[in-house]
Protein chains: 2
Amino acid sequence: MIKNMDSKTEQKRLLDLIESRLKEIIPNMNPQEVYEPFRYIMAEGGKRIRPMLAVLTCGCICGVPEKAIDAACSIETMHNFTLVHDDIMDNSSIRRGKETVHKKWDESVGILTGDTMVGYSYRFLETYSNETSYREMIKALTTALIEVAEGQTYDMQFNTNKNVELKDYFLMIGKKTSALLQGSVLLGGNCAGASKEELTNLDEYAYNLGIAFQIQDDLLDITANQAKFGKQIGQDLIEGKKSYLILKARELAEDKNDIQLIEKFFNDNGLQKEEIQKMKSIYEKLNIFEIAQNEIEKYLEVATQSINKLKKNEYTEILLDLLKSLNKRNY
Amino acid sequence: MIKNMDSKTEQKRLLDLIESRLKEIIPNMNPQEVYEPFRYIMAEGGKRIRPMLAVLTCGCICGVPEKAIDAACSIETMHNFTLVHDDIMDNSSIRRGKETVHKKWDESVGILTGDTMVGYSYRFLETYSNETSYREMIKALTTALIEVAEGQTYDMQFNTNKNVELKDYFLMIGKKTSALLQGSVLLGGNCAGASKEELTNLDEYAYNLGIAFQIQDDLLDITANQAKFGKQIGQDLIEGKKSYLILKARELAEDKNDIQLIEKFFNDNGLQKEEIQKMKSIYEKLNIFEIAQNEIEKYLEVATQSINKLKKNEYTEILLDLLKSLNKRNY
């Protein structure tokens with residue numbers, strides 16, 4: 001077990017490696033209408049959680065995280081492709097404080113840049129084409145691609161479906177959020193020559209991490225400190241997003257007035273800004289925040305157990321730290 | 001060499017195999033918003049030239065075309081994905097006499113169905129994941145995906161670019177038309193365990209076939225018999241499409257009036273219906289149809305030579321027949 005300070009240094013080192021490899025690996029060539037937006041969306045990508053997972057899990061298994069650097073670029077490219085296409089479908093103008101690709105250029109550029117990026121996700125894996133685990137890596141990337149598209153399809157469908165239930169929610173986020181995290185750890189593990197059992201544990205870790213992360217995201221939308229969060233509090237309620245909170249509240253509500261506001265959310269596909277506080281009170285009355293927090297902890301616990309089944313080293317510790325950082329009460 | 005009648009029977013047998021495998025291999029599952037349009041676009045797909053190339057080239061090398069049946073489904077899926085996304089970009093309503101996916105459903109369904117189809121193109125190759133040529137197959141599919149997206153990008157760019165030249169045209173069609181044909185024969189050849197030299201010959205065949213096919217398509221647009229062709233004669237001129245014919249005419253025109261109409265085409269991004277006959281006369285005066293036909297024959301000749309370098313069998317004969325069928329004067 002390495003000290004916390006060393007762990008942070010190692011994470012920073014890996015993040016820098018990822019950033020510089022991404023700059024190097026994305027071609028600067030014609031047609032610029034594809035390669036310029038490709039570089040644009042991939043620049044300054046925030047926490048790089050997926051590529052970090054790829055190198056960290058590789059480090060867990062074989063101790064050498066660098067082996068997974070191109071796999072990390074592959075999964076980060078696949079993730080960013082989904083952002084480019086999702087932004088078109090959601091008609092979003094801003095992403096990470098910058099204009100979205102289809103707004104800065106146009107929709108055709110957005111579609112074609114995304115399509116090209118999928119190609120490069122596969123191409124970046126060619127580094128491993130002589131390894132015996134190559135076919136497993138291709139399979140993991142393909143599964144992530146298909147599942148994330150299915151997940152986005154369910155999410156779009158939820159926009160117009162008044163009868164979404166929690167089981168649909170879990171199916172959707174398992175695909176939309178967890179699938180790419182699972183892809184990340186399976187690529188990282190396979191780079192390191194992980195055994196079938198190790199891959200199962202990594203996969204389980206990533207799946208549960210994704211679910212916990214998504215419920216946390218839903219929770220933060222309304223419980224976060226607005227200044228710190230940087231987004232409108234209760235935005236999900238305004239946009240009509242079928243979050244864990246609203247679906248759980250619908251399950252539990254018994255009071256006629258509460259049910260009325262909850263059903264108004266589903267019928268009108270969202271609430272007015274002035275109604276957010278009232279819904280927050282309903283959530284509090286129904287103990288929704290506590291229930292969501294317990295749900296998060298349940299998934300984090302399964303994720304922790306999955307990591308604990310692996311042989312411990314400095315990288316398993318970092319993966320466990322990641323889980324702990326998600327487990328902070330915000331209300 | 002088999003008799004013509006037997007060759008037709010064999011082609012029909014292979015086409016039937018492809019059709020029935022496609023019906024079987026495409027999942028019928030949720031979310032239906034993805035899998036229903038996926039099955040819809042893949043149904044009744046015309047001549048199935050790409051999957052036919054995959055099985056025929058496999059037959060050329062090892063004598064057993066059936067080995068490439070899943071590779072054939074893979075490349076046909078990749079081709080149809082491009083149709084779904086291109087139809088969004090071109091805002092097309094009708095494809096093969098049916099509503100396009102994004103019109104029948106919506107644009108988001110079109111984008112997501114296309115993305116999912118790319119995933120299945122790779123998934124269908126998992127059949128070969130234990131073969132030594134698997135990595136070459138993945139590489140060929142990835143190259144086709146990237147090139148076809150680049151080709152469509154150039155094609156979109158041509159819509160607003162008044163300075164397109166023949167060299168740009170050849171770059172564009174090499175990617176937009178030939179890349180998927182090259183992908184087809186490389187998948188088919190690799191299924192059969194083709195040598196590097198055989199793969200080079202197959203690749204050359206497909207590249208040149210694609211170019212010939214595209215120039216032929218440009219030529220037919222204005223020289224075909226309208227009733228037989230089923231499309232408006234001169235549609236490319238109306239739509240402002242930068243075809244081989246107009247680009248060649250621009251190179252050769254010397255008469256002031258001719259140049260004026262040609263430049264009008266480029267400046268107005270197309271001509272009026274009444275101007276088609278005048279442009280056709282210019283083409284005739286400049287001998288454009290003859291020049292285009294010679295160009296087609298030049299590419300077909302290279303393609304023929306590439307096939308002649310392979311060991312002859314019934315399938316090399318079919319590939320040669322395909323070239324001959326393209327080499328018919330229509331004016």
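All chains are named by letter (A, B, ...) in the order of the sequence lines, taking the proteins before the strands, and each is independently numbered beginning at 1.
Neither the backbone nor the side chain of B:Thr132 comes within less than 4.5 Å of any heavy atom in chain A. Interface remark: A:Thr143 contributes backbone and side-chain atoms alike to the contact with chain B (heavy atom separation under 4.5 Å). In this structure, chain B has heavy atoms under 4.5 Å from both the backbone and the side chain of A:Asn30. In this structure, the portion of A:Glu107 lying under 4.5 Å from any heavy atom of chain B is its side chain and not its backbone. Only the side chain of B:Met29 comes within less than 4.5 Å of a heavy atom of chain A; its backbone N, CA, C and O stay farther away. For a residue to count as touching a neighbouring chain, one of its non-hydrogen atoms must lie under 4.5 Å from one of that chain's; by this rule A:Glu126 touches chain B with the side chain only. Using a 4.5 Å cut-off between heavy atoms, B:Asp86 does not touch chain A at all. For A:Ile138, the part sitting under 4.5 Å from any heavy atom of chain B is the side chain, from C-beta outward, and nothing else. Both the backbone and the side chain of B:Tyr120 come within contact range of chain A, each with at least one heavy atom under 4.5 Å from a heavy atom of that chain. Looking at B:Glu150, both its backbone and its side chain come within 4.5 Å of chain A, counting heavy atoms on both sides.
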Under the criterion side chain to side chain contact (heavy atoms under 4.5 Å, CB included), I'd like the reasoning laid out for A:Leu187 against A:Phe124: C-alpha separation, chi angles, the key distance, then a yes or no.
CA-CA 12 Å; A:Leu187 289 186; A:Phe124 294 158; over 6 Å; no
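No other option in A:Ser121, A:Gly114, A:Ala149 has as many heavy-atom pairs under 4.5 Å with chain B as A:Ala149. Per-residue heavy-atom pair counts under 4.5 Å with chain B were compared for A:Glu136, A:Gln157, A:Met117, and the maximum is reached by A:Gln157. Of the residues considered (B:Glu147, B:Met156, B:Lys139), B:Lys139 shows the highest number of contacts with chain A, using heavy-atom pairs under 4.5 Å. For the set B:Ile88, B:Leu171, B:Asn130, the entry with the most heavy-atom pairs within less than 4.5 Å of chain A is B:Asn130.
The two residues A:Ile61 and A:Ala192 come nearest to each other via the heavy atoms CB-CB, 3.6 Å. The two residues A:Asn80 and A:Ile41 have their closest heavy-atom pair at OD1-O, 3.3 Å. Here the closest heavy-atom approach between residue A:Leu247 and residue A:Val164 is recorded as CD2-O, 3.3 Å.
Seen from the ring of A:Tyr40, A:Lys98 counts as a face-on cation partner, given the 6.0 Å and 45° thresholds. Both the sub-6.0 Å distance and the 45° axial angle are satisfied by A:Arg250 relative to the ring of A:Phe266.
A salt bridge between B:Lys67 and B:Glu131 is present, with a side-chain N of the basic residue lying under 4.0 Å from a carboxylate O of the acidic one. Residues B:Lys103 and B:Asp87 are not paired through a salt bridge, judged by the lack of any N-O separation under 4.0 Å between the basic side chain and the carboxylate.
For B:Asp70 and B:Thr127, the side-chain atoms include at least one donor-acceptor pair closer than 3.5 Å.
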